[in-house]
Chemist: 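Take a look at this one; I'll ask things after.
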Amino acid sequence: MTESGDWLLRPRRKHQYRLRPVALLLVAVAAILFQIYVPLFFHYLSYLEMPLLVTVYFSLMRREPVAGVLIGSSIGLVQDSLSHNPIGMFGIVKTLVGYFAASVSQRFDVQNTGIRFLLGFFFFFFHQFFYWVLANALLGQTLGFDALQTLVFGLLNATVAVPLFHVLDKL
Amino acid sequence: MEIFLNRYRNLTVLLVVLVAQLLLLAFQVKSNGDVRLIRVWAVTGVMPLARVVEAVRANTTGFFSEYLVLLDVKEENKRLKSSLGSLKMENQFLKTELATADRARALAAFQSRSPSRTIAARIIGTGTGANSKVVFLDRGSNAGVGKGMAVVTPDGIVGKVISSYPSASQVILITDPTFAAGVISQKSRVHGTLKGQGHSICLIEYIQNEEQVAVGEWFYTSGDDRVFPKGLPVGQVKIARSGKMFFKEVFLVPSGLQQGLEEVLVVLEGVHQTIPDSPETPQTLHLLPAPPPDPNAAGQHGVLSGNLSTDADQMLEKYKRTGAAQGHVFGQAGNKPPNFNLPPDSGSVQPPDGKAAVPANPPLR
C-alpha cells in the first residue's frame, strides 16, 4: 500500500464516537417514522432505506461488532414488526449489516466522504440482495430481483447517506 | 470454553442473535402464526408518533395556507382599497375547504347508500420495506376493526386488514404480490382470481382461454373469498389476451387506487349486492328540485287537469274530451267513432250556414 492510500485504511481512533443512547433511540425512531410516513406523500422516497442508513452509520461510528449486531437487530426487528412479513427478515439482514459495518470500520477511515459513499452503496445492495435471498429461501416467496434498479437505488441511498452522516456527526 | 468465547466474542454474539432470529422466523413459518406481542409493542410505540407527525403536518399546512391567504388579502386590500378583497379571499378559502371536503363527502355518501356496515378510517403510514404495499389505518380493534375485514373506497376495493391493534390496523393493498380476491366480470360473469403484482396493475388468473373478456370491461368482487362482499367495483381490464397454457392473461387497473389514498372505509359487516349492469360513477349527482307549475301552461295546452304530467296523459285526456264533446261513449258497442281531428271542445261543429253538423272527416263505412 502506498503512502497516499494508507490514510484511507487508517481508522481515526482519536475520533471515537461516543454513542449516546437517547440520540440513538431518537434517530432510529425518526428513521422508521420517515419510512412509514413520508412515502405517503412522496412515493418515490419509499426506496430510501433510512433505517438501513442509520444502522450503517451507528455501526460504522461505534466500531464494535457486538454493538453493530445489537443496533442492526433492534432496528430490523422494529421494521419487521411494521411490515407484513414474519418477524426476523429485516432483523437478520440488518444484524449482518451492523456486524459487517462495524468490522469494516476497524480497517477504514469511515470519516472519509468517499468511503462513506461506497459503504452506503455497498450495504444497500447487500441488504436488498440478502433480503431477496432470505425471502426466496426461507419464506418461499417468488420475488424478482432487479439488479439494475437496485444499483440505481443504491447510488441514490449512498448519495443521501453522505450528507445524512455529516448531520448525524453533529449530534 | 471461556477463553474461546472471549476470543470469538463478536462472532459468538452474531451467531446467537442470528440463530435466535432464525428460530423466531422458523416458528412463525412452521406454525403459520405471528409473534403478536412484538408487533403490538412496535405499533403501539411508533403509530402514536406517526399520528402526532400527521397532526403537526396538517396543522402546519393549514397555518401556512391561512397565513398566505392573509398575505394575499393584505395585498388585495392595498390594491382595491375596499373590503372586496377580503370577500374574495373568503370565497377562495371556502372553495378550498369545499374541495378538501369532497373526498370525505363522497365517502359519506357511499357509506350511507351501501348496505354494508362500514367505518371511515384515515391512512397514517405505510409499511416498511422498499416495495411495501401495506398501509396503516388510524382505526384499530377499539373501533371494531378486525383481521380479514375488507377495505374499500367509493371507487373500488383497496385491500384487506391483515392485523388489528388497539389503536391502528395494518392493511395489505390489492397491489401486493401476496394479495388475492375473487372477482367476476360484469358482462359475461366470468369468475377469476385477482392477484397483486407489486405495481399498479393487477393480474386476474384462472380465466379459461375460451371465456370472453374484453378490454375496458369492469370486474366486481364475486364474494367467493368471504372477505369482500359481492358487487364492489374492482377495476377495468387493460389487457386481455390468450395465455400459453389454458388460462387467459388479463391485466386490470384497480379503480380503488387511482385517486390516491387518504381516507378509506373498513367493511365491518359486509352485505352481498348484485353486479350492476353499468359501472357506478363515484360522483354524486346533484339534482335541482322540480320547477314550480307554470300558471300559463293550462292556457297553452287547453284546459287540462293539473295532475297530468306526461304527454300520454295529456293525449288521453284530449281524446276523452273529444269523445265527450261528440257524444261518444268509449267502450260501448255500436257507437260511431269520434272525429279526433276536431278540437276537443268543438262539440258538434256548427257550420256558419246553419246546416247540420258534418264531421270534417266522415268515418269510412
Side-chain angles (χ1 to χ4, degrees), chain A residues 29-30 32-41 43 46-52 64-70 72-73 76-93 95-96 98-100 102-103 124 127-128 131 134 138-144 149-150 153 157, chain B residues 9-29 32-43 45-47 49-54 57 123-136 162-163 170-172 176-179 198 260-262:
Chain A
V29 169
I32 288 169
L33 266 181
F34 180 94
Q35 206 185 20
I36 66 169
Y37 185 72
V38 174
L40 279 181
F41 307 98
H43 182 66
S46 64
Y47 294 100
L48 205 55
E49 257 283 348
M50 291 298 273
L52 171 72
E64 279 186 17
V66 172
V69 165
L70 296 179
S73 59
L77 286 176
V78 174
Q79 209 178 353
D80 275 320
S81 305
L82 300 172
S83 74
H84 69 293
N85 282 329
I87 292 177
M89 296 290 288
F90 280 118
I92 291 173
V93 179
T95 300
L96 289 171
Y99 179 81
F100 288 132
S103 302
F124 179 84
H127 179 274
Q128 297 300 97
Y131 185 88
L134 280 185
L138 297 183
L139 302 184
Q141 293 181 352
T142 52
L143 300 174
Q149 189 189 51
T150 309
F153 289 143
N157 276 268
Chain B
R9 188 174 66 103
N10 295 341
L11 264 180
T12 308
V13 172
L14 174 67
L15 284 177
V16 167
V17 174
L18 282 181
V19 168
Q21 292 183 91
L22 275 172
L23 287 175
L24 188 66
L25 204 56
F27 164 75
Q28 294 169 82
V29 173
N32 202 18
D34 196 8
V35 190
R36 188 168 165 76
L37 192 61
I38 300 178
R39 288 193 195 272
V40 169
W41 282 352
V43 171
V46 175
M47 280 305 137
L49 295 174
R51 205 182 284 233
V52 169
V53 172
E54 165 64 12
R57 183 201 66 83
I123 292 175
I124 57 171
T126 64
T128 52
N131 290 316
S132 174
K133 302 295 176 195
V134 172
V135 294
F136 282 94
I162 53 172
S163 296
Q170 197 177 31
V171 173
I172 185 170
D176 190 277
T178 59
F179 180 89
L261 282 178
E262 280 186 27

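Below, chain A is the first sequence line, B the second, and so on; all start at residue 1. Fair warning: this is a prediction, and the values are worked out from it, not measured in the lab.
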Chemist: In Å and rounded to the nearest 0.5 Å, what is the OH to CG distance from A/Y99 to B/L15?
Modeler: 8.5 Å
Chemist: If the condition is ring pair (Phe, Tyr, Trp, His ring centres under 6.0 Å), which residues does A/Y131 pass it with, not counting sequence neighbours?
Modeler: A/F90
Chemist: How about A/T95 and B/Q21: does a side-chain donor come under 3.5 Å of a side-chain acceptor?
Modeler: yes
Chemist: I need the residue from A/P86, A/S103, A/G98, A/A102 with the largest number of non-hydrogen atom pairs under 4.5 Å to chain B.
Modeler: A/P86
Chemist: What part of A/L40 gets within 4.5 angstrom of chain B, counting heavy atoms only: side chain, backbone, both, or neither?
Modeler: both
Chemist: Indicate yes or no: at least one non-hydrogen side-chain atom of B/T126 is less than 4.5 angstrom from one of A/H43.
Modeler: no
Chemist: Mind listing the closest non-hydrogen atom pair of B/L25 and A/I87 along with its distance?
Modeler: CD1-O, 3.4 Å
Chemist: Below 4.5 Å, heavy atoms only, C-beta onward: do A/V69 and B/V16 meet side chain to side chain?
Modeler: no
Chemist: Can a donor-acceptor pair be found, under 3.5 Å and without considering hydrogens, that links the side chain of A/S81 to the backbone of B/V40?
Modeler: no
Chemist: Would you say CZ of B/F27 has more than 12 non-hydrogen atoms from neighbouring residues, nucleotides or ligands within 6.0 angstrom?
Modeler: no
Chemist: Taking side chain as everything from C-beta outward and backbone as N, CA, C, O, which of these in B/I162 sits under 4.5 Å from a heavy atom of chain A? Side chain, backbone, both or neither.
Modeler: side chain
Chemist: Compare every heavy atom of B/I124 with every heavy atom of A/Y37, then report the nearest pair and how far apart it is.
Modeler: CD1-O, 3.6 Å
Chemist: Within the 4.5 Å heavy-atom criterion, are A/L138 and B/V29 side-chain neighbours or not?
Modeler: no
Chemist: Between B/L14, B/L24, B/V43, which shows the greatest number of heavy-atom pairs under 4.5 Å with chain A?
Modeler: B/L14
Chemist: Taking side chain as everything from C-beta outward and backbone as N, CA, C, O, which of these in A/V66 sits under 4.5 Å from a heavy atom of chain B? Side chain, backbone, both or neither.
Modeler: both
Chemist: With a 4.5 angstrom heavy-atom cut-off, which part of A/L139 approaches chain B: side chain, backbone, both or neither?
Modeler: side chain
Chemist: Between B/M47 and A/L82, what is the shortest heavy-atom contact and its length?
Modeler: CE-CD2, 4.2 Å
Chemist: Using 0.5 Å steps for rounding, measure from the CD atom of B/Q28 to the CE atom of A/M89.
Modeler: 10.5 Å
Chemist: Testing the basics here: between A/H84 and B/I172, what is the closest heavy-atom pair and its distance to 0.1 Å?
Modeler: CD2-CD1, 4.0 Å
Chemist: Could you look at B/V17 and say if it's the side chain, the backbone, both or neither that has a heavy atom under 4.5 Å from chain A?
Modeler: side chain
